Amino acid sequence: MASPTVRYWHLWRDANGISHLQSCTMTKFTLQTMQAPAAPQWQGEKASGAMTTMVTVQPAGWVGEWHENPKPQWIVPLSGRWFVEAMDGARVEMGAGELSFGGDQNCRELAGKRGHRSGTVGDAPAVLMVIQLDDAQPSSSPCAFA
């Protein structure tokens, strides 16, 4: 049985303070049981420490103008669609089950842009689960989660 791969989008900040979006792939999985006697399952690297988890509902038509993620955070759409646009002009739309990591803290302002824009796509609200890593430091390189 081959180890799985899981794709995610990484919104990150380069050394010049500009945000970018990068398609990344998690590849480090170990086949093990979560708790005996459950059968083994593929498990990725674990994160520990203080975390804040919430569910947000962005109404249809909602747009979050240029801002940074408040903390490094995983964003998991549960229903609906949403978009993220980086300072370099890259834009990605995501739906239920697609993963995104927001690590655009400490960007500089450039032509009225700082961090990213985000918002709903279509006529339905976007329901998102957000997992903020309270003690994590933002990465200045893409694909920090292998």
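In this text the structure is predicted, and so the values were computed from the model without any measurement.
Listed by chain and residue number, V55, V57, L78, S79 satisfy the side-chain contact (heavy atoms from CB on, under 4.5 Å) test with V127 (two or more places apart in sequence, or in another chain). Take D88 and apply the side-chain hydrogen bond (donor to acceptor under 3.5 Å, both in side chains) test, not counting sequence neighbours, and it matches H20. Q132 meets the side-chain hydrogen bond (donor to acceptor under 3.5 Å, both in side chains) test with Q73; sequence neighbours excluded. Applying the side-chain contact (heavy atoms from CB on, under 4.5 Å) test to E93 and every residue at least two apart in sequence or in another chain returns R81, F83, R91, V121. In this structure, the side-chain hydrogen bond (donor to acceptor under 3.5 Å, both in side chains) partners of S23, at least two apart in sequence or on a different chain, are R7.
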Going through the distances and angles, do W9 and V84 end up as a side-chain contact (heavy atoms from CB on, under 4.5 Å)?
CA-CA 10 Å; W9 286 100; V84 176; over 6 Å; no
Stepwise side-chain contact (heavy atoms from CB on, under 4.5 Å) check, V6 with F29:
CA-CA 10 Å; V6 175; F29 291 90; 3.6 Å; yes
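Between the CG atom in L21 and the OG atom in S100 there is a gap of 7.0 Å [rounded to 0.5 Å]. The distance from the OG1 atom of T56 to the CH2 atom of W82 is 8.5 Å, given to the nearest 0.5 Å. Atom-to-atom distance recorded for S19:OG and W12:CH2 is 9.5 Å, nearest 0.5 angstrom.
Under the disulfide bond (SG atoms under 2.5 Å apart) criterion, no residue pair touches residues 36-137, with sequence neighbours excluded. Applying the disulfide bond (SG atoms under 2.5 Å apart) test to pairs two or more places apart or on separate chains, those with a residue in residues 15-102 are C24-C143. Sorted by first and then second residue, the ring-ring contact (aromatic ring centres under 6.0 Å, His included) pairs with a member in residues 96-145 read H10-F101, H67-H116, W74-F101, W74-F145, F101-F145; sequence neighbours excluded. A salt bridge (charged side-chain N to carboxylate O under 4.0 Å, His left out) check over residues 59-78, counting only residues at least two apart or in different chains, returns the pairs E65-R117, E68-R114, K71-D134. Each salt bridge (charged side-chain N to carboxylate O under 4.0 Å, His left out) pair with one or both residues in residues 13-23, not counting sequence neighbours, would appear here, but there are none.
Residues L11 and M94 share a hydrophobic cluster, clusters being chains of Ile/Leu/Val/Met/Phe/Trp/Tyr side chains in contact below 4.5 Å. A single hydrophobic cluster is seen to contain both V76 and L133, as judged by linkage of ILVMFWY side chains at heavy-atom distances under 4.5 Å, directly or through other members.
The side-chain heavy atoms of E98 and V92, taken from C-beta on, include no pair separated by under 4.5 Å.
Other residues sharing the hydrophobic cluster of I18, ordered by chain and number and joined by side-chain separations under 4.5 Å: W66, M87, L110.
Here the closest heavy-atom approach between residue P72 and residue A136 is recorded as CG-O, 3.6 Å.
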Donor-acceptor list for residues 40-47 side chains, cut-off 3.5 Å, not counting sequence neighbours:
{"residue": "Q43", "atom": "OE1", "partner": "Q32", "partner atom": "NE2", "Å": "3.2"}
{"residue": "Q43", "atom": "NE2", "partner": "Q32", "partner atom": "O", "Å": "3.1"}
{"residue": "Q43", "atom": "NE2", "partner": "T33", "partner atom": "O", "Å": "3.4"}

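Although no hydrogens or angles enter the test, the distance criterion places no donor-acceptor pair under 3.5 Å between the side chain of T120 and the main chain of P125. The backbone N or O of V63 lies less than 3.5 Å from no partner atom in the side chain of Q58, so there is not a single donor-acceptor pair.
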